[in-house]
Engineer: 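Okay, here's the structure, questions in a sec.
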Amino acid sequence: MTPTLELRDVTKVYSGGLFKRRSTVALEKNYISVGGEHPTIVAIAGESGSGKTTMGMLMLGFIEPTSGQVLYKGQDLWALPKPAWTEFRREVQAIFQDPFEVYNPFYKVDHVLMVPIRKFGLAHTRAQEHDLIERALTSVGLRPDETLGRYPHQLSGGQRQRITVARALLLDPKVIIADEPVSMIDASLRATVLKSLRLLRDEAGISILYITHDLATAYHICDEIMVLYQGTVAEAGDVDSVIQAPKHPYTQLLVGSIPWPDPKRKWGQDAVLTQADVFHVETKGCKFAPRCARAMDICRESPPPLFQTEAGRAVTCYLYKDAPVLDGSEIGKVLGQNGRGAAEATRDGVVPKPGVPQVGLPG
Amino acid sequence: MSAPILSVQDLRVYYYTEAGAVKAVDGVTLDVARGMKMGLVGESGCGKSTMAMAFMRLIKPPGRIESGQVVLDGTDLVPLSEDRMRRVRLNEISLIPQGAMNSLNPVARVRKQIIDGIQDHNGRFSRAELNDRVEEVLEAVDLRPEVADMFPHELSGGMKQRVCVAIAISMRPKVIIADEPTSALDVVVQRQVMETIQRLQQELGISMILIGHDMGLMAQSIEHLAVMYSGRLAELAEVNAIFEEPLHPYTQLLISTLPVLGAKGVFRGIPGITPSLLSPPPGCLFHPRCPQAQEICQHKVPTWQEIRPGRWVACHKYEV
């Protein structure tokens with residue numbers, strides 16, 4: 001089956017600077033596909049400057065790749081005829097970081113739900129329109145009577161973000177690109193938004209690209225993960241194994257820096273180098289080598305290829321140089337492996353800690 | 001035990017709006033011991049940032065410190081004249097504000113911004129002394145001396161945040177208040193900045209109040225945790241104790257919503273939304289959302305009390 005969206009050998013270079021011509025490679029020779037046979041949630045993780053937001057923007061058709069192709073159902077996105085482009089705009093939806101900025105504070109929240117219905121002619125009567133809105137809100141766990149007719153400032157961040165999820169849902173999309181959807185929401189309300197994203201996959205069969213720097217939430221809702229470092233893939237595979245046993249030194253650093261909410265699980269004692277510390281270093285080898293405690297001579301000589309360390313796992317690091325080498329285009333072999341089936345088993349059967357009352361979601 | 005460095009007694013901060021008085025901080029009492037790292041968590045709008053501003057005496061109209069005391073090392077800051085307060089700020093208590101990295105002046109070099117703070121709050125130093133101090137504080141936050149002559153846009157987010165930390169410690173205050181100092185940073189940078197703040201806190205023996213809503217960051221960096229809900233404190237204890245055995249139903253819910261490694265894919269939120277501070281519910285402010293609410297919670301405000309040594313809670317469950 002042709003995936004809904006695919007990046008094929010995509011490179012994006014931003015060039016600019018008024019006086020000095022500077023160009024930054026945001027994304028380099030990337031391959032990824034979303035929206036295959038089984039709906040999955042794929043995390044794109046990395047620090048600022050890793051190219052993760054660029055990847056989302058490319059997939060949403062907001063920016064054009066410098067080289068390579070963005071394919072929508074196998075066709076080049078930038079050569080689509082008008083009707084197909086409209087179809088693309090309906091089938092691929094976005095959820096953004098700031099759940100306040102997407103609203104016009106002078107309109108009631110109904111407005112943000114009404115616009116797509118009218119734009120795409122989804123309803124013929126007022127009653128139909130209302131019905132669609134109510135259904136979308138209910139499916140993200142909101143009570144229509146508690147949300148409709150209100151202004152954005154009267155709702156919590158979690159509620160506002162769930163309305164944007166409902167808005168995406170209205171159009172019956174195949175793929176949702178969610179760029180840091182919970183990073184601006186209070187920790188206590190994040191769960192509600194994450195849960196509704198999970199419902200989209202399970203109930204509506206929507207695949208989600210979850211762009212984030214927060215590995216803890218990625219771990220909780222995603223099936224697969226791709227870790228980017230300065231525009232290239234550092235590690236990709238099943239989210240459980242990547243987070244629980246990271247292989248690439250960069251992923252290890254990221255996982256080691258997660259502030260787990262557990263006073264007994266402290267940050268490691270190893271020295272931490274950030275991007276800024278090594279900013280001036282140019283390298284022709286592995287981009288992470290200047291920050292890497294385990295860098296070898298070869299790492300500074302040539303960039304490492306993708307090594308398939310096990311089924312459903314690939315790491316761009318010479319530490320695993322005995323493993324078979326994968327071509328960049330073969331990353332699908334890794335990410336396709338751990339579809340919904342694998343995640344299903346761990347999804348529900350977890351018993352809450354005793355002594356802590358279990359509470360359902362509102363609505 | 002020596003006297004606390006900061007002692008807050010029944011502090012109330014109200015904002016007077018056309019619709020009525022918003023009780024953003026409504027009777028908060030707490031002590032911060034010398035050299036202690038205290039965390040303050042709560043949802044957006046619970047009054048935690050207002051409290052930080054009140055400690056700095058930076059509440060602007062229509063807000064006002066209604067009553068209460070903020071005693072810093074023996075001196076109550078609330079009745080101080082603006083002139084004297086100005087000398088207390090930065091010298092004795094300093095703030096790393098929320099989104100601090102955006103608070104730097106984009107058209108001034110880092111050196112000037114650090115010197116500005118020192119001169120404004122302390123007065124006379126020679127040029128050489130000031131430059132020495134700039135170098136010293138930059139080194140303390142792990143920045144190269146060249147940074148002094150750079151503009152904020154030349155620095156990364158983490159570096160800008162370090163500059164703000166450098167300004168905050170430039171006069172070696174007794175207390176630092178850090179209001180979400182790392183909320184806009186990546187995990188790796190966040191960890192690095194927090195580690196710098198903690199190291200300084202230890203080396204200089206500064207007491208720190210870390211404000212935020214990220215329980216993960218709290219678990220990593222503080223010793224005592226205060227949980228705030230709608231302008232009042234719900235619970236205060238040593239951080240391990242709170243994570244192991246949360247007493248207040250709100251804290252229990254807060255901890256049960258946290259993502260932990262073991263329980264993948266379990267999502268719990270806290271039902272309901274925070275009450276409007278304009279027309280708060282009678283009794284305990286949490287009772288409309290509380291799964292353990294009793295009849296008394298609807299009309300009587302629970303007392304803030306120390307039910308065991310070091311464990312403070314405001315809940316009828318623990319009142320005798």
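The sequence lines fix the lettering, A, B, ..., with proteins before strands; numbering per chain opens at 1. Side chains are part of it too, since the values below use all heavy atoms of this structure and drop only hydrogens, waters and symmetry mates.
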Engineer: Could you have a look at B/Asn240, B/Thr257, B/Leu254, B/Ile222 and say which one has the most heavy-atom pairs with chain A under 4.5 angstrom?
Structural biologist: B/Asn240
Engineer: Using a 4.5 angstrom heavy-atom cutoff, name the option from B/Met194, B/Gln190, B/Glu43 with the most pairs to chain A.
Structural biologist: B/Glu43
Engineer: With a 4.5 Å heavy-atom cut-off, do B/Arg191 and A/Pro259 have their side chains touching?
Structural biologist: no
Engineer: Could you tell me whether a side-chain N or O of B/Glu235 sits under 3.5 Å from a main-chain N or O of B/His248, the two making a donor and an acceptor?
Structural biologist: yes
Engineer: When you measure from the side chain of B/Tyr229 to the backbone of B/Thr251, do you find a donor-acceptor pair of N or O atoms at a distance under 3.5 Å?
Structural biologist: no
Engineer: So, A/Glu146 and A/Gln159: side-chain donor and acceptor under 3.5 Å apart, yes or no?
Structural biologist: no
Engineer: Determine whether the side chains of A/Tyr250 and A/Glu47 contain a donor N or O and an acceptor N or O closer than 3.5 Å.
Structural biologist: yes
Engineer: Measure distances from B/Glu244 to the heavy atoms of chain A and classify the residue's part below 4.5 Å as side chain, backbone, both or neither.
Structural biologist: side chain
Engineer: Answer with side chain, backbone, both or neither: which region of B/Met218 has an atom nearer than 4.5 Å to a non-hydrogen atom of chain A?
Structural biologist: neither
Engineer: Specify which of B/Leu217, B/Asp214, B/Ile242 makes the most heavy-atom pairs with chain A at under 4.5 Å.
Structural biologist: B/Leu217
